[in-house]
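Here's the structure, in structure tokens; my notes come after.
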Amino acid sequence: MRKWLYILVFVILYGLVTFFGLGPVLLADGTFPERLMTLALVIGVYGVITYIFWLILKRHNK
């Protein structure tokens, strides 16, 4: 049961990062380098969230 709660929390986190992170990359009127820096930061946040999710699931499955 707890595993579904973890999955739900991380789905919500991914959704928030997608909405608030990719929105400025795709829709903002900043310069191209600003958009690339924001995209790199968003990809980094995705990586951190994925790594934490992987660690939690790995610990939960033991």
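Computed from a predicted structure; not experimentally measured.
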Evaluate the side-chain proximity of [Y] to [X]: yes if any heavy-atom separation is below 4.5 Å, no if none is.
{"X": "Leu13", "Y": "Phe53", "result": "no"}
{"X": "Glu34", "Y": "Thr31", "result": "yes"}
{"X": "Lys3", "Y": "Ile7", "result": "yes"}

Check residues 15-29 and write down every donor-acceptor pair under 3.5 Å in which the side-chain atom is one partner and the other belongs to a residue at least two apart or another chain.
residue: Thr18; atom: OG1; partner: Tyr14; partner atom: O; Å: 2.7
residue: Thr18; atom: OG1; partner: Tyr46; partner atom: OH; Å: 2.5

Remaining members of the apolar cluster that contains Leu36, side-chain heavy atoms under 4.5 Å: Phe32
message: Starting from Met37 and following side-chain heavy-atom contacts under 4.5 Å between hydrophobic residues (I, L, V, M, F, W, Y), which residues can be reached?
response: none
Partner of Ile52 by side-chain contact (heavy atoms from CB on, under 4.5 Å), out of Thr50, Val48, Leu55: Val48
task: State plainly whether one hydrophobic cluster holds both Ile12 and Leu5, where clusters connect Ile, Leu, Val, Met, Phe, Trp and Tyr through side-chain heavy atoms under 4.5 angstrom apart.
output: no
